[in-house]
Amino acid sequence: MTFTIQANDSQSNARAGLITTGHGVIETPIFMPVGTQGTVKAMQMHELKEDTRAQIILGNTYHLYLRPGIHILEQAGGLHTFNSWDGPILTDSGGFQVFSLSENRKLKEEGAEFRSHIDGSKHLFTPENVMDIQRSIGADIIMAFDECCPGDADYDYARKSLELTERWLDRCFARFNSTEPKYGYGQSLFPIVQGCVYPDLRRRAAENIARKEADGNAIGGLAVGEPTEKMYEMIEVVNEILPKDKPRYLMGVGTPINLLEAIGRGVDMFDCIMPTRNGRNGQLFTEYGTINLRNKKWENDFSPIDPDGTSYVDQMYSKAYLHHLVKVGEYLGYQIATLHNLAFYLRLVRMARQHIVEGDYCEWKTRMVRQLNNRL
RNA sequence: GGGCAGUUACCAGAGUGGCCAAAUGGGGCUGACUGUAACUCAGCUGUCUUUCGACUUCGGUGGUUCGAAUCCAUCACUGCCCA
């Protein structure tokens with residue numbers, strides 16, 4: 001995997017670049033749709049590729065390990081052939097499930113012991129087997145196994161959590177470096193900066209990770225309950241230290257405004273469930289603010305879903321029709337809303353990229369943030 | 001014509017003397033959702049009031065009772081059964 005920077009913004013830390021993987025090139029900054037269980041919910045692969053113009057999607061180690069199971073993915077020849085997505089894939093390590101399934105797990109030095117949310121069965125995730133599993137899934141970018149520390153953790157907890165994550169990281173690299181890809185194309189391991197909202201912990205974590213000289217670096221443990229300003233502050237602290245010539249991935253973030261703010265602070269990659277889940281729950285994102293489709297006000301608004309939208313659904317269907325589909329719970333409603341939202345997120349990062357290249361990113365961002373804040 | 005069962009809020013439906021403005025679903029309105037245990041979750045849904053609270057309700061009317069959605073009488077309507 002290689003990363004080349006094509007343009008730097010003169011007024012901010014924003015940059016436009018190209019990531020080259022075994023499954024093609026990614027133009028950054030980029031948003032990566034989340035496809036936890038081997039599918040971006042409600043989306044066909046051709047819709048992802050042609051209509052939302054996604055360039056890379058996510059999968060999740062924890063979910064894919066439970067179902068369909070690693071042996072099936074190996075028999076299939078990896079996730080790409082299994083799900084028919086021929087572009088790049090990134091897998092999360094299960095570190096986020098250490099956080100979100102915290103009632104069903106036990107942390108130990110060796111790893112995290114989980115109870116399956118499906119059948120209650122016990123499983124142990126270690127840095128080593130998480131690397132092996134991600135080798136078997138065959139993602140182009142695989143993530144270190146970490147503890148995603150809650151945003152409101154106290155300093156002592158955050159420090160201990162970070163120390164564990166750092167010990168796990170060394171074991172991740174040891175395993176990763178002593179194993180080979182299984183399907184004939186390269187894989188890259190991204191370490192994850194933790195440290196909660198404490199600048200000194202974040203700095204220490206970033207310095208440690210910078211020394212690993214990984215193909216790319218991730219910032220985790222943000223947007224997990226801390227104030228947004230803290231998140232921005234932590235991104236600044238960390239990006240001072242993380243190598244400038246490697247892609248930076250802000251995990252799990254976020255709102256359209258979060259993306260623009262983070263891009264301005266030097267982040268290149270994002271993923272978030274927001275466009276997909278919120279879409280299924282009736283929220284649309286547009287350049288002029290968010291729309292709650294369930295609201296009565298849309299029942300007789302026959303204007304297009306998004307006159308500025310680039311996906312065909314934006315012009316084809318009216319807000320009133322989509323309001324109806326969402327209200328009655330029709331599958332098509334979830335599909336249209338998801339497609340629109342993903343297309344919007346991808347268009348947003350393309351616009352960001354273009355303004356970085358053209359050199360007016362900051363002015364554009366200021367204008368956009370004001371609009372995006374609206375509630376329509 | 002006779003018998004039986006029933007009539008509760010937008011709908012369905014519980015409640016059969018005080019703990020009832022009345023369970024629970026659905027529907028409606030609003031909100032939440034940030035590396036997906038999420039097509040999920042939360043709040044509100046008689047009237048007035050920000051809250052406390054006040055007021056008006058359980059087919060109609062009239063009773064019994066300190067007190068009635070709940071008991072009695074009667075009328076109306078609905079369903080089923082027998083002629």
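Order of the sequence lines sets the chain letters (A, B, ...), proteins ahead of strands, with each chain counted from 1.
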Using a 4.0 Å heavy-atom cut-off, write out nucleotides 34-44 of chain B from 5' to 3' as B (base contacted by protein), S (sugar-phosphate only) or - (no contact).
-> BBBBBBB----

[N] - base-pair partner by Watson-Crick or wobble geometry, distances under 3.5 Å:
N	value
B:U34	none
B:U74	B:G60
B:A21	none

Salt bridge check: are [X] and [Y] linked by an N-O gap of less than 4.0 Å?
X	Y	answer
A:R135	A:E180	no
A:R203	A:E240	no
A:D156	A:K160	yes
A:R105	A:E113	no
A:E299	A:K319	no
A:R15	A:D9	no

Separation between the [atom1] atoms of [N] and [M], rounded to whole Å:
N	M	atom1	result
B:A21	B:U45	C1'	12 Å
B:C11	B:G46	C1'	16 Å
B:G1	B:A9	C1'	38 Å
B:U56	B:U47	C1'	7 Å
B:C58	B:C66	C1'	22 Å
B:C33	B:A22	C1'	34 Å
B:C77	B:G59	C1'	8 Å
B:C72	B:A5	P	12 Å

Hey, is the side chain of A:N295 poking within less than 4.0 Å of OP1 or OP2 on B:G31, counting only N and O atoms?
-> yes

So what does A:R375 hit on the nucleic acid, given a heavy-atom distance under 4.0 Å: a base, only sugar-phosphate, or nothing?
-> sugar-phosphate

A:R265 charged N/C atom sitting above A:Y232 aromatic ring, 6.0 Å / 45° | yes

